[in-house]
Amino acid sequence: MIEKTFVAIKPDGVQRAIVGEIISRFEKVGLKIAALKMVWVDKEFARKHYAEHVDKSFYPGLEAMITMGPVVAMVLEGVEAIALVRKLVGPTEPKAAPPGTIRGDFAHVSYGHADELGIGVKNVIHASANPEDAKKEIALWFSDEEIHDYDTVHDKHVRK
Ligand code: UDP
Ligand code: MG
């Protein structure tokens, strides 16, 4: 039940200087940071990460957004971490994301607004959607040597 998931604070989140606040939310629930780095992705890498979206109408805006500055990429580990992190992140559209979620608390834009301008939906953060994506995304962004195995104080309470 202990899972690893991939998270990236997108360029809009980095540029708004809310990296610390966002990471703090993951630390507070007891998730372990297993890997962490800053990366400025190029278009080729963006196409790999967002392979499922490359042929969609919103992809050009999404690509421009994800390559407009560095992202803070991380691997988080914890009990059923993939679904837990998606819960903390909230729904894709900030307009619809409830207060208390990262997207609901730190962003407000809508699909309608983004589509009208032909830009990506700036929703601050990416998180793997399911176990298959988590595996693929962790392997795409991190080498085995960059992912660390260590104990946090939370492990005392997580283990039997
Ligand atoms: N996105 C967009 N316009 C859309 C749908 C998605 O700009 O109509 C962007 C948005 O930033 C989103 C990302 O593309 O986070 C990936 O979309 P997905 O549906 O996978 O949402 P997520 O998994 O990030 O919640
Ligand atoms: Mg997705």
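Everything numeric here is computed off the predicted structure, so don't read it as measured data. Each ligand, and each atom within it, is numbered from 1 in the order the structure gives.
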Ranking His49, Glu93, Arg86, Lys122 by closest non-hydrogen atom to atom 23 (O) of ligand 1, top hit is Arg86
So CG of Leu88 and NZ of Lys28: to nearest 0.5 Å the spacing works out to 11.5 Å
So the atoms of ligand 1 within less than 4.0 Å of a heavy atom of Tyr50 turn out to be 16 (C)
Gly120 heavy atoms within 4.0 Å reach ligand 1 at atoms 7 (O)
- prompt: Would you call the rings of Trp141 and Phe45 parallel, tilted or perpendicular, where under 30° means parallel and over 60° means perpendicular?
  reply: perpendicular
Atoms of ligand 1 under 4.0 Å from any heavy atom of Tyr111, numbered from 1 in the order shown, are 4 (C), 5 (C), 8 (O)
Atom 21 (O) of ligand 1: closest protein heavy atom, distance to 0.1 Å, is Thr92 OG1, 3.2 Å
A student checking ligand 1 against Met65 at a 4.0 Å heavy-atom cut-off should list atoms 11 (O)
The protein heavy atom nearest to atom 7 (O) of ligand 1 is Val121 N, 2.8 Å
Do ligand 1 and Lys10 have nitrogen or oxygen atoms that lie under 3.5 Å from each other?
yes
Atom 9 (C) of ligand 1 has as its nearest protein heavy atom Leu62 CD1, 3.8 Å
Separation between CZ (Arg86) and CD1 (Ile125), nearest 0.5 Å, reads 10.5 Å
**Request:** If the plane angle is over 60° it's perpendicular, under 30° parallel, otherwise tilted; pick one for His126 and Phe6.
**Result:** tilted
Note: ligand 1 atoms sitting under 4.0 Å from heavy atoms of Asn123 are 10 (C), 11 (O), 12 (C), 15 (O)
What do you reckon, is NZ of Lys87 surrounded by more than 12 foreign heavy atoms closer than 6.0 Å? no
Among Arg103, Glu52, Glu63, His53, closest by heavy atom to atom 20 (O) of ligand 1 is His53
His113, NE2 atom: more than 12 neighbouring heavy atoms under 6.0 Å = no
Per side chain to side chain donor-acceptor pair (under 3.5 Å), Lys32 is matched among Asp151, Asp155, Asp149 by Asp155
message = Just so I know, are the side chains of Leu76 and Ile33 near enough to count as touching, which here means a heavy-atom distance under 4.5 Å?
response = yes
When distances are taken from atom 6 (C) of ligand 1, the protein heavy atom at minimum range is Phe58 CE1, 3.5 Å
